[in-house]
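What follows is a single structure, written as structure tokens, with notes after it.
Numbers restart at 1 for each chain; the letters A, B, ... are given by sequence-line order, proteins then strands.
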There are 2 protein chains.
Amino acid sequence: MEPATSLRERKKAATRLALHRAVVELAAAKGLDAVTVDAVADHANVSRRTFSNYFANKEEALLYGERTRYERLLAALRARPENETPWQALTRSVGILVEALAELDPVWIAQLRVVRRHPSLAAHQMALQCTVEQELVGEILERMQRHQASSDPVADAIRARVLAGTFLAATRAAITVWINQQESLSLADVVDAALRTAAERLR
Amino acid sequence: MEPATSLRERKKAATRLALHRAVVELAAAKGLDAVTVDAVADHANVSRRTFSNYFANKEEALLYGERTRYERLLAALRARPENETPWQALTRSVGILVEALAELDPVWIAQLRVVRRHPSLAAHQMALQCTVEQELVGEILERMQRHQASSDPVADAIRARVLAGTFLAATRAAITVWINQQESLSLADVVDAALRTAAERLR
DNA sequence: CCACAACGTTGCCTAGTGTGCAAAGTTTCC
DNA sequence: GGAAACTTTGCACACTAGGCAACGTTGTGG
């Protein structure tokens, strides 16, 4: 997790993180709409132009944490043993997401609040999941070719996409439900329940 | 389908449609990035300001057709008999989507194919589906209370969300696969296959 | 240690966007 | 026919994304 590369790399990572934290902080305080890119850059002590070198817009900066969590998930997925089926590998990797969330970072909580309250962010979050889905599909297809290879490539493509979409829908459902009622249910349990619901025969 | 209301309403609908068609046409010709809102408004013979009265941005205008199709789907779903289970009602409503596409001009569909390859649009489509998902969840919850009412509201919430997400993931998968290979497979068959894949036990 | 290459940061600039406002044009309704 | 309700439009303004080139900082080979 800590490649500890060159000074250059570390500085870049620090700037990226500073920008991310700046936008979360400002958005939590004033609402995302009232936050300008200028203000974010100021708050992170870089120029307006530098912000654009790191993120395309403030939503992307805001969801940077989300993105890294999904990247961790993908890495975990790729590290699963080759002999696991796609669904096995997925369900056994999802713990990574939960753990990442379980580091009850106050920044993360503030971020979730903002994301939930601001509808335009939901769109960007979906956009993010869209790219994740593409990568999931690729990984799933590879695994399928080792396990359930069928003679029909179209059927395989459908299967891989349905699988990826269902998995993401289930985790999304779990997180939504978990956020919507801040009682003592553990996120791990909710995610688990959602994945089992998805895996069972529907209806 | 034709409420045939006042002149005012009809004019507004015409303008909205003109803007939608303008953006599709221009995007198919030059690529979405090379299309400005100004150009779209010009092409539809309205001012740039008027464009903003109808759509927030060009992507929204481009996906207007998609949105109306989903609205038809929701209407069809609500019209299903009350005694059908959620999944039954969903799978029996989905024909509406396919029919709506089938009504379209083949030239139009070719344009859609071109435009839809643009990756940034996938994100906006996801955002659209996000709002649809909300409504699906509401409808599914109502049906579940008539059929599979459980004592655990959290489990019900999870189930409804997983169901909605899976359904949308399956139709999305079908449409993606269908678009990606412009052979003679009928969309109806692909959608059917995807929904059956989703309904079967995963793994 | 130094010079040079590679890379990051910044300011400037331009085309484009989204939206409030008020004036002018339409449609509706009595 | 004329007032009320609504739509379109132009204008203004603050903001955004990204190309470009100058300037700093970091890495590297002699």
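In this structure, a donor-acceptor pair under 3.5 Å is present between the side chains of B/H118 and B/D33. Side-chain contact check for B/T68 and B/R72: no donor-acceptor pair (N or O, by modelled atom type) lies under 3.5 Å. The closest side-chain donor-acceptor pair between B/Y70 and B/Q129 falls under 3.5 angstrom.
If you check every strand for non-hydrogen atoms under 4.0 Å, A/F51 touches nothing. Across all strands, A/N53 comes closer than 4.0 Å to base atoms (heavy-atom distances).
Closest non-hydrogen pair, A/L62 versus A/H20, comes out as O-CE1, 3.2 Å.
Electrostatic pairing of B/R69 and B/E66 counts as a salt bridge here, judged by a charged N lying under 4.0 Å from a carboxylate O.
B/R48 contributes no side-chain N or O that forms a donor-acceptor pair with the base of C/dG16 under 3.5 Å. Judged by distance alone, with hydrogens and angles left aside, A/R49 brings a side-chain donor or acceptor within reach of the base of D/dG19, the pair sitting under 3.5 Å.
The shortest distance between side-chain heavy atoms of B/K58 and B/T36 does not fall below 4.5 Å. When side chains are defined from C-beta on, A/L136 counts as touching A/L77, because their heavy atoms get closer than 4.5 Å. Two residues are said to be in side-chain contact when any heavy atoms from C-beta on lie closer than 4.5 Å; B/D38 and B/D42 fail this criterion.
Residue A/S47 is the one, among B/F55 and A/S47, whose nearest nucleotide of DNA chain C lies closer to the 5' end (criterion: closest heavy atom).
Other residues, nucleotides and ligands place no more than 12 heavy atoms under 6.0 Å from the CZ atom of B/R21.
Across the protein-nucleic acid pair, B/N57 atom CG and D/dA17 atom C1' stand 15 Å apart, rounded to whole Å. Atoms OH (B/Y54) and C1' (D/dT9) sit 12 Å apart, rounded to a whole Å.
For the OP1/OP2 pair of C/dT10 and a distance below 4.0 Å, the side-chain nitrogens and oxygens of A/T50 include at least one atom meeting the criterion.
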- How does protein reach along nucleotides 24-30 of chain C, written 5' to 3' as B (base within reach of a heavy atom under 4.0 Å), S (only sugar-phosphate), or - (no contact)? --BBS--
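Residues from residues 16-46 of chain B placing a heavy atom under 4.0 Å of any atom in DNA chain C, listed by number, are B/T36, B/V37.
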